[in-house]
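Indexing begins at 1, ligand by ligand and atom by atom, following the structure's order.
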Amino acid sequence: MGQPDSEETERSPLPPGQRQQRGWPVTHYGPVPKFRVERWEFRVFGATADGGKHCWTHEDFSALPYETVVGDLHCVSKFSMRDVEWGGVPARTILELAPPADEVSHVMVWAEYGFSSNLRLADFTDSRTLFATHRAGELLTAEHGFPVRLVVPHLYAWKGPKWVRGVEYMTADRRGFWEERGYHNLGDPWREQRYSYQEQPGDGPEL
Ligand SMILES: Nc1nc2c(c(=O)[nH]1)N[C@H]1C(S)=C(S)[C@@H](COP(=O)(O)O)O[C@H]1N2
Ligand SMILES: [Mo]
């Protein structure tokens, strides 16, 4: 009878089909956008409680309350990184500062070049959903999403756009970029919701 051998045995399990990755690969579709501070704003629009838009300049956004969240990153291509420490603005803070109308059920998170991802309001309001500006105390690099990326640790990583520019409050679900292109509308890695052909009735809008 030996000792429990690796540190692996002491760590929480990974979702099915995932394997641990060393280092931090860069994964995204398209080019890395150039950040221009004078053109950048973070915009909340759609079905807001007051019917108006809410905008933050980069300076204003950077001054919002900062919190840290530790979570795993699970790419649908099967690599995972464990225990990543992110820092930034909780999605809940945005919801408090720019409240949604009562009928809002989903959000679309918009990024540079029209990239988007849809989330149920319940996933967006999760206490670990964060608009990350930092990783392990350091500002994000351009290829990892500077100045802001969304992190939703309990869903596959495509649900977290890099280079986020805003949030649209929606009163019905609509598919985002990857959700229209064959990926699952909900994306729960623990249920291995990878592809849209796995969707059950009610998981998402008709394709
Ligand atoms: N804007 C944008 N964000 C994106 C993507 C993308 O194609 N465009 N890909 C997602 C996917 S599939 C993954 S796995 C993570 C990867 O983040 P990383 O490159 O920082 O590891 O970013 C996500 N965010
Ligand atoms: Mo991914």
Centroid separation His184 to Tyr156 less than 6.0 Å | no
Would one find an N or O of Trp163, backbone or side chain, under 3.5 Å from an N or O of ligand 1?
-> no
Heavy-atom proximity to atom 24 (N) of ligand 1, best of Gly160, Gly23, Ser77 | Gly160
Between Glu103 and Thr171, is any side-chain donor less than 3.5 angstrom from a side-chain acceptor?
-> no
Which of the numbered atoms in ligand 1 are below 4.0 angstrom from a heavy atom of Tyr29?
-> 6 (C), 7 (O)
Number the atoms of ligand 1 from 1 as they appear, then name those within less than 4.0 Å of a heavy atom of Trp24, with their elements.
-> 18 (P), 20 (O), 21 (O)
Take the angle between the ring planes of His144 and Trp24 and call it parallel below 30°, perpendicular above 60°, tilted in between.
-> parallel
Indicate yes or no: does an N/O atom of Val26 lie under 3.5 Å from an N/O atom of ligand 1?
-> no
For the residue pair Trp178 and Phe115, does the interplanar ring angle fall in the parallel (under 30°), tilted (30 to 60°) or perpendicular (over 60°) class?
-> perpendicular
Would you kindly check if the NZ (Lys) or CZ (Arg) of Arg43 is within the cone defined by 45 degrees around the ring axis of Trp110 and under 6.0 Å from the six-membered ring centre?
-> no
So which heavy atom in the protein is nearest atom 12 (S) of ligand 1, and how far is it from that ligand atom?
-> Trp158 CB, 3.7 Å
Atom indices of ligand 1, in the order listed, that fall short of 4.0 Å to a heavy atom of Pro25 = 18 (P), 19 (O), 21 (O)
Close approach, Arg149 and ligand 1, non-hydrogen under 4.0 angstrom = yes
Got a second to check how far Asp203's CG is from Asn185's CG, nearest 0.5 Å?
-> 7.5 Å
Hey, looking at atom 18 (P) of ligand 1, which of Met81, His144, His28 has the closest heavy atom?
-> His144
Considering only non-hydrogen protein atoms, determine which one is nearest to atom 4 (C) of ligand 1 and report residue, atom name and distance to 0.1 Å.
-> Lys162 N, 3.7 Å
Pull out every atom of ligand 1 sitting under 4.0 Å from any heavy atom of Trp178, numbered as shown with elements.
-> 7 (O)
Can you tell me if Ser117 and Glu179 form a side-chain donor-acceptor pair at under 3.5 Å?
-> yes
Less than 3.5 Å between some nitrogen or oxygen of Pro161 and one of ligand 1, yes or no?
-> no
List the closest protein heavy-atom neighbour of atom 9 (N) of ligand 1: residue, atom name, distance to the nearest 0.1 Å.
-> Thr27 O, 3.6 Å
Close approach, Phe177 and ligand 1, non-hydrogen under 4.0 angstrom = no
Geometric cation-pi criterion, Arg120 with Phe124: 6.0 Å, 45° = no
Which class fits the ring pair Trp56 and Phe42: parallel under 30°, tilted 30 to 60°, perpendicular over 60°?
-> perpendicular
